[in-house]
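Working notes for the structure below.
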2 protein chains.
Amino acid sequence: MMNKFMKIYEDISNQIQEGSLAAGSLLPSENDLADTFQTSRETIRKALKILSEDGYIHKVQGKGSIVLDVKKFAFPISGLVSFKELSKKMGHRAKTHVEMLQEIFPDEGLKEHLKLSRDDTAWEIHRVREIDKERVIFDKDFIVKKMVPGLNKAICQNSIYEYVEEELGLTISFAKKEITVETPTEEDRSYLDLEGFHNIVVVKNFVYLDDTSLFQYTESRHRPDKFRFVDFARRK
Amino acid sequence: MMNKFMKIYEDISNQIQEGSLAAGSLLPSENDLADTFQTSRETIRKALKILSEDGYIHKVQGKGSIVLDVKKFAFPISGLVSFKELSKKMGHRAKTHVEMLQEIFPDEGLKEHLKLSRDDTAWEIHRVREIDKERVIFDKDFIVKKMVPGLNKAICQNSIYEYVEEELGLTISFAKKEITVETPTEEDRSYLDLEGFHNIVVVKNFVYLDDTSLFQYTESRHRPDKFRFVDFARRK
DNA sequence: AAGTGGTCTAGACCACGCA
DNA sequence: GCGTGGTCTAGACCACTTG
């Protein structure tokens, strides 16, 4: 069963996506909504808060909640989305190749990143993402081994996130992400179709579990022409 | 006067930044905080919500709120931050040159972007940002003229945002941002120190006012080595 | 079982936009 | 002045973690 405010959120966001709530128009007032959904105003406000954060509406004091235009969709690297969720949307145009899966003794830099203690080992995973028959993304993952001892190729082929959350019962909760542009390494050139490209977009990801321990460090290396990042930002 | 929950937010975030609330430790419970701040629990929860969104804490049901490590700071292109706010942090290492300010009759593409009606004109502004004596960012702005009739070079030199909000009383409320990597144009090469660079990072920005009208379209074109984008993402 | 955060309520008052 | 959203309250019950 879903929360009440989540159901209200789903209901309204669906209406906006269908167009039965037109962009530019005003939502019913919070008091009206509280009546029609048979709930209190604070619960309505919780739903509207999320709608606003997700770019569905914009609230103006004294006026009301304006429905925004949500036609534009995009490559949603924003938030925490795994490649598997992404490739679902792309249908059969996307493929994953697991090129490497090995246990390593991490060097100092990586120990620093993963906050490893002496003797801890890590998994190093190389995966290449193919879109429309072109190898355009190279994902390089480092995971603390003791947290995921039973990792294997089939899991990497599918979704590490899924395995960790559903099989191991760990909760991935937040991540710090950093986007930079770098010069391709020999490794990049060997894995990707980089023909004439002189740069590569690097998305570094620090993934944390619910107990705030660092779980994974990932570099997702994208061919620049296939990279796109979209964000919705609010003032203050 | 500030809101109660904002004061609580400030108070706690300051304590975290100072280190008097250590990373890894637990915050007092919401009931305790409600007592010490002489307020209701919901108000405390509002403050904690923002602390969590801003990456200061992480909440776990049944356990408490864990203080996160916030030492790592970064080039905050995330959110809506103007170059002026940014350059404050950089001290005298940053400079702005206004290279162009003219009224134009927009072509079809731009009319589309700015949703201009027939006969509307726009401002086209070119600004080059210099950091440590190197010209590394080229900002190309298009603004609906009728919204900002009195624009001049001094304003562009300072901060267009500031002028629009403080002098004109308009409220900039949200933006859609898109990051891609492109091949430099002749224009880019003439404005920036691009020596051997083959790519340029383009941040396209659609800035909206409080009444949801599109106010400005901006392309911020960065030399790839000087570009960095940092984000804090939460699952779901 | 006790304590934590998560949800929900019904009501109050305030700040703002608009006619 | 009325209706809007913004803040705040005091209390209730639920879901979860930990001893």
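A note on names: the letters A, B, ... follow the listed sequences, proteins ahead of strands, and every chain is numbered from 1.
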Quiz item: Side chains of D11(A) and Q15(A): donor-acceptor distance under 3.5 Å anywhere?
Solution: yes
Practice problem: Would you indicate which nucleotide in dC8(D), dT4(D), dC8(C) comes nearest to any side-chain atom of F5(A)? | Solution: dC8(C)
Quiz item: Between F229(A) and F229(B), does a ring pair (Phe, Tyr, Trp, His ring centres under 6.0 Å) hold up when you go through it step by step?
Solution: CA-CA 10 Å; F229(A) 177 91; F229(B) 177 90; 4.9 Å; yes
Self-check item: Rounded distance in Å - CG (D32(B)) to P (dG5(C))
Solution: 8 Å
Self-check item: Residues S40(A), E42(A); criterion side chain to side chain donor-acceptor pair (under 3.5 Å); working and verdict
Solution: CA-CA 6 Å; S40(A) 71; E42(A) 281 292 347; over 6 Å; no
Quiz item: Are D120(B) and K146(B) within salt-bridge range, i.e. N to O under 4.0 Å?
Solution: yes
Self-check item: Whole-Å distance separating the OH atom of Y9(A) from the P atom of dC8(C)
Solution: 16 Å
Quiz prompt | Residue pair D139(A) / I137(A), side-chain heavy-atom distance below 4.5 Å | solution = yes
Quiz item: Mapping L48(A) and S40(B) onto DNA chain D by nearest heavy atom, which one lands closer to the 5' end?
Solution: L48(A)
Exercise. Among dT7(D), dG5(C), dG6(D), find the nucleotide with the atom closest to the side chain of E30(B).
Key: dG5(C)
Quiz item: Which whole-number value in Å describes the distance from Q38(B) CD to dC8(D) P?
Solution: 14 Å
Self-check item: Residue K59(A), side-chain atoms from C-beta onward, closest of dT4(C), dT4(D), dG6(D)
Solution: dG6(D)
Practice problem: Verify the contact: side-chain N or O of S65(B) to OP1 or OP2 of dT4(C), cut-off strictly under 4.0 Å; return yes or no. | Solution: no
Quiz prompt | Interatomic distance where CZ belongs to F37(B) and P belongs to dT9(D) [whole Å] | solution = 13 Å
Practice problem: Using both pair distances under 3.5 Å as the test, note the stems of at least 3 consecutive Watson-Crick or G-U pairs that include DNA chain D. | Solution: C:1-18 with D:1-18
Exercise. Quick one: do N3(B) and Y9(B) satisfy side chain to side chain donor-acceptor pair (under 3.5 Å)? Show the steps, please.
Key: CA-CA 10 Å; N3(B) 292 331; Y9(B) 166 86; over 6 Å; no
Quiz prompt | Exercise: do R129(A) and T96(A) side chains pair donor with acceptor under 3.5 Å | solution = yes
Quiz item: Within this structure, what is the CZ-to-C1' distance between R45(A) and dA10(C), rounded to whole angstrom?
Solution: 15 Å
Quiz item: Hey, is the side chain of T43(B) poking within less than 4.0 Å of OP1 or OP2 on dT9(D), counting only N and O atoms?
Solution: yes
Quiz item: Do you see a donor-acceptor pair shorter than 3.5 Å between the side chains of Y56(B) and Q17(B)?
Solution: yes
Exercise. Take atom NE2 of H58(A) and atom P of dT4(D), then tell me their distance rounded to the nearest Å.
Key: 18 Å
Exercise. May I ask you to verify whether the side chain of Q61(B) and the base of dC14(D) hold a donor-acceptor pair under 3.5 Å?
Key: no
Exercise. Look at the side chain of K46(A) and decide which nucleotide, out of dC8(C), dC8(D), dC18(C), has an atom nearest to it.
Key: dC8(C)
Exercise. Between R41(A) and G62(A), just flag the one whose closest nucleotide in DNA chain C comes earlier from the 5' side.
Key: R41(A)
Practice problem: Check the distance between dG11(C)'s C1' and D35(A)'s CG and give it to me in whole angstrom. | Solution: 14 Å
Practice problem: Nearest whole angstrom, please: distance from the P of dC8(C) to the CE of M6(A). | Solution: 10 Å
Quiz item: So does S29(A) get a side-chain nitrogen or oxygen closer than 4.0 Å to the phosphate oxygens (OP1/OP2) of dG3(D)?
Solution: no
